Amino acid sequence: MSVTLDIRLKRANKVYLEGPIQLISSNIEVAKAGKIPGGKTEIPFEFPLHTKGNKVLYETYHGVFVNIQYTLRCDMKRSLLAKDLSRSCEFIVHCQPQKSKVIPTPVNFTITPDTLQSREKNSLPKFLIRGHLDATNCVISLPLTGEVVVENSDVPIKSIELQLVRVETCGCAEGYARDATEIQNIQIAEGDVCHSLAIPIYMIFPRLFTCPTLETTNFKVEFEVNVVVVLHDDHLITESFPLKLCRL
């Protein structure tokens, strides 16, 4: 059984590999030498997850530049005339639940051409979009909820989407790099929606590609959600909100 933490740092068009770092490696004998009878044979086993030295176990996470994987490998030694058998599989680990209560942090937002950071905001058509997120301190096992309302828009709307983004920051002797990559994109409205109509926001956090917000000496894993409004000329209006994920 082994646990590896793989950290990749991309900088100046190069990728520096700081991992994989082995957090756990242990071997146990689940059956002594002998013959296995025909048919189905089940051999129970168990083992504790103890780290090496002062290393810390993190929750399973599959990212682009940060990967935390727990792998179990079974080896069956056979006689000299038969080939040994081996099989590996990944198992999923959750971190210890947070004991304290999560205080909801609702966020209200208003999107107009004046609120955008774009240099082209003076050439944009007039629009007013309001909404709210019920919480930005989120429990990872519960959905992200809220609503968005198009109050008015001078041009038709083509689509409204929710984009979940992971932000991975990695560092080593060569420096630090921060990369944002999309995890999933959900369309919550299609076409020119009715004005002043509340459109519900509902997004489930995907397992493996998300984990409780993580910050260590060498790397950080953070998350953001973008509300993206696509106009009929394919112009994108984007409002970004940082999220803090935890497990209860």
Side-chain angles (χ1 to χ4, degrees), residues 10-11 13 61-66 102 104-170 177-211 213 220-246:
K10 185 175 73 171
R11 188 185 183 198
N13 298 322
Y61 168 72
H62 291 184
V64 177
F65 300 101
V66 177
V102 175
T105 51
V107 173
N108 297 316
F109 60 87
T110 300
I111 309 173
T112 67
D114 293 334
T115 63
L116 300 178
Q117 301 297 321
S118 173
R119 296 179 180 177
E120 304 174 357
K121 62 182 180 181
N122 293 329
S123 62
L124 289 175
K126 292 183 178 179
F127 56 83
L128 173 60
I129 300 169
R130 302 184 190 275
H132 71 268
L133 297 177
D134 292 330
T136 53
N137 283 345
C138 304
V139 179
I140 197 171
S141 57
L142 299 177
L144 174 71
T145 58
E147 66 179 29
V148 61
V149 180
V150 179
E151 297 288 358
N152 58 68
S153 177
D154 286 353
V155 297
I157 289 174
K158 185 176 182 180
S159 176
I160 301 178
E161 301 166 0
L162 287 179
Q163 182 186 47
L164 183 61
V165 175
R166 61 189 157 208
V167 183
E168 298 171 328
T169 304
C170 305
R178 183 179 187 271
D179 291 274
T181 53
E182 180 184 295
I183 298 175
Q184 68 179 3
N185 192 299
I186 298 175
Q187 186 183 53
I188 60 174
E190 182 178 8
D192 196 19
V193 298
C194 295
H195 293 179
S196 301
L197 175 68
I199 301 168
I201 291 174
Y202 190 93
M203 174 181 281
I204 295 175
F205 297 108
R207 190 61 187 95
L208 299 182
F209 303 114
T210 57
C211 66
T213 301
K220 292 193 295 184
V221 181
E222 301 167 297
F223 300 92
E224 298 175 354
V225 65
N226 297 329
V227 177
V228 182
V229 179
V230 186
L231 303 180
H232 255 285
D233 59 359
D234 288 331
H235 196 102
L236 298 182
I237 302 166
T238 304
E239 189 77 6
S240 181
F241 305 92
L243 301 177
K244 183 176 181 179
L245 304 187
C246 64

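Bear in mind the structure is a predicted one, so any value in this text is a computation, not a measurement.
- Every residue two or more places apart in sequence or in another chain that forms a side chain to side chain donor-acceptor pair (under 3.5 Å) with K158 is listed here: D234.
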For residues 191-198, run the donor-acceptor check on the side chains, cut-off 3.5 Å, and write out each pair with its distance to 0.1 Å, sequence neighbours left out.
| unit_1 | atom_1 | unit_2 | atom_2 | d |
| --- | --- | --- | --- | --- |
| D192 | OD1 | I157 | N | 3.1 |
| S196 | OG | E151 | OE1 | 3.3 |

Checking side-chain contact (heavy atoms from CB on, under 4.5 Å) for the pair T115/F109: CA distance, chi angles, key distance, verdict?
CA-CA 10 Å; T115 63; F109 60 87; over 6 Å; no

Got a list of side-chain donor-acceptor pairs under 3.5 Å for residues 142-149, not counting sequence neighbours?
| unit_1 | atom_1 | unit_2 | atom_2 | d |
| --- | --- | --- | --- | --- |
| T145 | OG1 | D134 | OD2 | 2.6 |

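- Taking the six-membered ring where tryptophan is involved, the planes of F223 and Y61 are perpendicular, since the angle between them exceeds 60° and thus also 30°.
- Note that CG of N185 is 8.0 Å distant from CG of L162, once rounded to the nearest 0.5 Å.
- Across all non-hydrogen atoms, the minimal contact from P206 to I183 is CG-CG2, 3.6 Å.
- Closest of all the heavy-atom pairs between E224 and P242 is CG-CA, 4.1 Å.
- A search for side chain to side chain contact (heavy atoms under 4.5 Å, CB included) contacts involving Q187 returns S159, E161, E190, not counting sequence neighbours.
- Listed here is the closest heavy atom pair of I201 and H132: CD1-O, 4.2 Å.
- Scored by the salt bridge (Lys or Arg N to Asp or Glu O under 4.0 Å) test, K244 finds no partners at all (sequence neighbours excluded).
- Listed by chain and number, the residues in a side chain to side chain contact (heavy atoms under 4.5 Å, CB included) with S141 are V139 (sequence neighbours excluded).
- Of all the heavy atoms in V66 and C170, the pair that sits closest is CG2-SG, 3.7 Å.
- Looking at every heavy atom in both residues, A189 comes nearest to I199 through CB-CD1, 4.0 Å.
- The side chain to side chain donor-acceptor pair (under 3.5 Å) check on Q163 picks up E182, N226, with sequence neighbours excluded.
- For the atom pair T213 OG1 and R166 CZ, the distance stands at 14.0 Å (nearest 0.5 Å).
- For T210 against I140, the heavy-atom pair with the smallest separation is OG1-CD1, 3.7 Å.
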Go through it in stages, so that I can follow the logic: the residues are R178 and V167, the test is side-chain contact (heavy atoms from CB on, under 4.5 Å), and I'd like the CA-CA distance, side-chain angles, deciding distance and then a yes or no.
CA-CA 7 Å; R178 183 179 187 271; V167 183; 3.3 Å; yes

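- For the salt bridge (Lys or Arg N to Asp or Glu O under 4.0 Å) test, no residue two or more places apart in sequence or in another chain qualifies with D233.
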Test side-chain contact (heavy atoms from CB on, under 4.5 Å) on L133 and V225; report intermediate values, then the result.
CA-CA 10 Å; L133 297 177; V225 65; 4.0 Å; yes

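- The ring pair (Phe, Tyr, Trp, His ring centres under 6.0 Å) search around F209 returns none, not counting sequence neighbours.
- Pairs of residues two or more places apart, or lying in two chains, that qualify as salt bridge (charged side-chain N to carboxylate O under 4.0 Å, His left out) and include a residue from residues 197-210 are E59-R207.
- Not a single side chain to side chain donor-acceptor pair (under 3.5 Å) links T238 to another residue, sequence neighbours left out.
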L164 vs L243, test: side-chain contact (heavy atoms from CB on, under 4.5 Å). Steps then yes/no.
CA-CA 10 Å; L164 183 61; L243 301 177; 4.2 Å; yes

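- Tested against I237 for a side-chain contact (heavy atoms from CB on, under 4.5 Å), the candidates V230, T112, V229 yield a single pass: V229.
- The backbone N or O of I204 lies less than 3.5 Å from a partner atom in the side chain of Q184, making a donor-acceptor pair.
- For the pair S153 (side chain) and F127 (backbone), a donor-acceptor distance under 3.5 Å is absent.
- For Y202, there are no ring pair (Phe, Tyr, Trp, His ring centres under 6.0 Å) partners at least two apart in sequence or on another chain.
- Rounding to the nearest 0.5 Å places CD of E222 at 5.5 Å from OG1 of T169.
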